[in-house]
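Single-structure report; data block below.
What you see is a predicted model; the values in this text were computed from it and never measured.
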Amino acid sequence: MVDEVLTPENVDLEQEKEFDVRNLEFKMDKKLKLYLSGLIEHGGSDLHIKSGSKYRGRIHGEMIPLSDEILSYQDGLQLAKEVLKGRFKELVEKKSIDFTYKLNEKFRFRGNMFFQSDGVSGVFRVIPVDIPTMEDLKLPKSIHKLTDLKRGLVLVTGPTGSGKSTTLASIINHINKHQRKHIITIEDPVEFVYKDMNSLINQRAIGQDALDFSTALRAALREDPDVILVGEMRDMETIETAMHAAETGHLVLSTLHTVDAKDTINRIIGMFPGNEQNKIRMSLAATLQGVLSQRLVKTVDGKRTAAIEILLRNARIESLIADSRDAEITQAIEEGKDIYGMQTFDQALVDLYAQGRITKEEAILNATNRSDINMKLDELNSIKHGVEDIEASKIDLKLDED
């Protein structure tokens with residue numbers, strides 16, 4: 001008699017969730033480890049698994065099939081059981097789950113598994129054990145100033161997969177190495193794992209160590225912190241508590257899924273009822289120290305780097321936020337490049353091109369104002385060619401003299 005093949009139509013998930021962890025053979029988990037190792041070898045960032053489809057990896061920004069093997073519905077369920085073990089029941093009940101997965105001593109992964117129409121799917125994002133430094137990431141020097149702040153709110157924004165967590169980790173670890181602070185991180189799940197150096201670091205995972213961001217953040221204020229990292233500001237209560245923490249002498253770092261500084265300010269204020277927005281705007285103007293908005297762009301060697309818009313607090317920025325003149329913020333950032341170290345996305349792209357790290361085509365593709373940046377790149381090329389012509393003339397002149 002042939003065993004019945006599990007499909008979405010005939011499986012009873014309520015029955016499936018009651019299984020004995022001791023009976024697991026971890027055959028699918030071993031296969032997962034092979035794919036994750038292959039992903040790392042190819043410089044990939046994410047492994048995608050989907051029941052009824054091939055294993056795929058995101059390599060230098062593109063989704064690439066890693067083999068012709070198709071993950072069956074049954075194997076997808078089995079993999080979820082082997083990876084999640086006792087938390088598989090939570091996946092069945094909530095339909096999606098976040099977790100961390102350890103491959104070896106050098107690599108961990110931020111994982112998410114969820115149900116879709118064909119069965120189980122999952123995404124595993126690489127989290128290197130070795131935390132990159134701010135120098136490794138080639139972050140602009142003006143960002144280094146943020147590590148010396150004693151209080152205020154610093155936000156790192158951008159779409160999923162733009163490197164927000166990595167940038168924040170480099171900032172936290174810089175403080176850890178060079179200052180004597182108490183740092184509390186509140187994450188879902190914990191990604192980078194820090195080792196205490198000059199600072200003491202307590203890391204709390206939502207679900208495992210804390211109920212939710214807002215509850216954990218309120219508790220953190222009673223735990224004598226100097227620096228608080230909030231993995232994501234998801235709701236109005238968390239944002240309000242974070243600003244209160246920033247106002248009362250703490251440095252608060254967090255993330256938002258916004259495209260630039262202006263959008264970040266609008267998103268925060270827009271989350272509150274109309275009768276509270278003016279109060280929140282005043283609080284944000286007083287506490288916001290910086291917004292780093294990231295986009296990953298392809299480099300000339302086929303890898304990726306972050307183009308970062310940088311807003312830093314000064315009297316003009318504070319006034320624009322307080323007076324609801326958000327439309328002028330981008331211009332203020334652009335004009336504050338030389339004095340304050342701020343920069344727009346397009347200025348960041350021009351710098352990356354001038355450094356020879358990205359092509360002209362990549363700069364234009366990712367620009368906010370494509371026609372404007374095209375003119376700036378042409379001007380840059382004209383200056384470059386002019387310098388080359390002068391240098392060539394000097395050589396010719398020297399040869400004639402000889």
Side-chain angles (χ1 to χ4, degrees), residues 45-46 48 58 61 63 94-100 109-114 121-127 137 139 143 146 153-172 185-192 205-207 212-214 216-217 228-243 245-246 252-272 277 280-281 284 287-297 304-311 321 326 329-330 333 344-345 348-349 366-368:
S45 61
D46 301 80
H48 289 253
R58 186 174 294 279
M63 295 285 283
K94 296 182 177 179
K95 307 307 178 188
S96 68
I97 188 170
D98 294 317
F99 56 93
T100 53
F109 291 80
R110 182 182 71 195
N112 177 275
M113 280 189 165
F114 56 96
S121 282
V123 182
F124 294 78
R125 169 157 295 171
V126 179
I127 308 171
L137 298 176
L139 297 180
I143 295 178
L146 298 175
L153 180 64
V154 174
L155 300 173
V156 180
T157 81
T160 300
S162 60
K164 298 186 296 295
S165 297
T166 305
T167 296
L168 276 175
S170 72
I171 292 172
I172 289 291
T185 77
I186 305 167
E187 303 169 79
D188 184 20
V190 168
E191 298 189 30
F192 291 91
I206 299 301
D212 52 54
F213 280 113
S214 58
L217 184 52
I228 306 172
L229 168 64
V230 183
E232 185 180 347
M233 298 212 297
R234 295 177 177 174
D235 55 63
M236 186 172 66
E237 187 177 1
T238 302
I239 292 172
E240 196 164 24
T241 308
M243 286 196 291
V252 181
L253 308 169
S254 191
T255 69
L256 276 172
H257 293 284
T258 49
V259 297
D260 57 26
K262 183 176 69 174
D263 182 45
T264 300
I265 293 163
N266 290 333
R267 177 74 60 85
I268 291 173
I269 294 169
M271 290 183 72
F272 290 82
Q277 288 185 1
I280 294 301
R281 180 175 284 280
L284 188 61
T287 59
L288 188 65
Q289 294 286 351
V291 180
L292 313 177
S293 301
Q294 302 191 175
R295 300 175 191 171
L296 288 185
V297 296
R304 293 192 293 174
T305 192
I308 307 178
E309 179 180 274
I310 303 172
L311 175 145
I321 296 173
D326 300 340
I329 287 175
T330 301
I333 293 172
T344 64
F345 272 121
L349 291 168
N366 290 278
T368 301

query: What's the verdict on side chain to side chain contact (heavy atoms under 4.5 Å, CB included) for Phe272 and Glu240, showing C-alpha distance, side-chain angles and the deciding distance?
result: CA-CA 9 Å; Phe272 290 82; Glu240 196 164 24; 4.1 Å; yes
Pairwise distance OG(Ser45) to CZ(Arg304) - rounded to 0.5 angstrom: 5.0 Å
message: If we ignore hydrogens and angles and just use 3.5 Å, is the side chain of Thr287 paired with the main-chain N or O of Leu153 as donor and acceptor?
response: no
- request: Calculate, to the nearest 0.5 Å, the distance between atoms CG and OG1 belonging to Leu217 and Thr238 respectively.
  value: 6.5 Å
message: Are the side chains of Ile143 and Thr167 in contact, using a 4.5 Å heavy-atom criterion?
response: no
field: Thr157 (side chain) donor-acceptor with Thr258 (main chain) under 3.5 angstrom
entry: yes
message: Would you compute the distance between atom CG of Leu284 and atom CD1 of Ile269 and round it to the nearest 0.5 angstrom?
response: 5.5 Å
field: Full working for side chain to side chain contact (heavy atoms under 4.5 Å, CB included) between Val126 and Phe109
entry: CA-CA 5 Å; Val126 179; Phe109 291 80; 3.4 Å; yes
- request: Working to the nearest 0.5 Å, report the span between CD1 of Ile329 and CD1 of Ile265.
  value: 3.5 Å
statement: Leu146 and Gln289 have their tightest heavy-atom pair at CD2-O, 4.2 Å
- prompt: So, the side chain of Gln294 versus the backbone of Val156: is there a donor-acceptor pair under 3.5 Å, distance only?
  reply: no
query: What is the minimum heavy-atom distance between Phe99 and Pro189, and which atoms define it?
result: O-CG, 3.6 Å
query: If only atom types and distance count, is the side chain of Lys164 paired as donor or acceptor with the main-chain N or O of Gly158 below 3.5 Å?
result: yes
- request: Look only at the side chain of Arg295 and the backbone of Ser162, and say whether a donor-acceptor pair between them is shorter than 3.5 Å.
  value: no
message: Within the structure provided, determine whether Arg125 and Thr160 are in side-chain contact (heavy-atom separation under 4.5 Å).
response: yes
message: If I compare all heavy atoms of Met243 with all of Ile280, which pair ends up nearest, and what's the gap?
response: CE-CG2, 3.6 Å
message: Under the side chain to side chain contact (heavy atoms under 4.5 Å, CB included) test against Leu292, which residue among Leu139, Ile171, Leu311, Thr255 passes?
response: Ile171
statement: When every non-hydrogen atom of Leu349 is compared with those of Ala307, the smallest separation belongs to CD2-CB, 3.9 Å
task: Apply the test side chain to side chain contact (heavy atoms under 4.5 Å, CB included) to residues Ile268 and Leu256: give CA-CA distance (whole Å), side-chain angles for both, the deciding distance (0.1 Å), then the verdict.
output: CA-CA 9 Å; Ile268 291 173; Leu256 276 172; 3.7 Å; yes
query: Quick one: does Phe192's side chain get under 4.5 Å of Glu187's, heavy atoms only?
result: no
- request: Determine whether more than 12 heavy atoms belonging to other residues, nucleotides or ligands lie under 6.0 Å from atom NZ of Lys95.
  value: yes
query: To the nearest 0.5 Å, how far apart are CG in Leu229 and CD1 in Ile186?
result: 8.0 Å
query: Would a 4.5 Å heavy-atom cut-off, applied to side chains only, mark Thr344 and Thr368 as touching?
result: no
task: Mind checking the OG-CG spacing from Ser121 to Asn112? Nearest 0.5 Å is all I need.
output: 10.0 Å
statement: Looking only at heavy atoms, the pair that brings Ile333 and Ala261 closest together is CD1-CB, 4.0 Å
statement: Nearest heavy-atom contact between Gln277 and Gly270 is NE2-CA, 4.0 Å
- request: Take Asp98 and Arg110 through the test side chain to side chain contact (heavy atoms under 4.5 Å, CB included) and record every step on the way to the result.
  value: CA-CA 8 Å; Asp98 294 317; Arg110 182 182 71 195; over 6 Å; no
- request: Test the Arg234-Phe213 pair against the cation-pi criterion, namely NZ or CZ under 6.0 angstrom from the six-membered ring centroid and within 45° of the ring axis.
  value: no
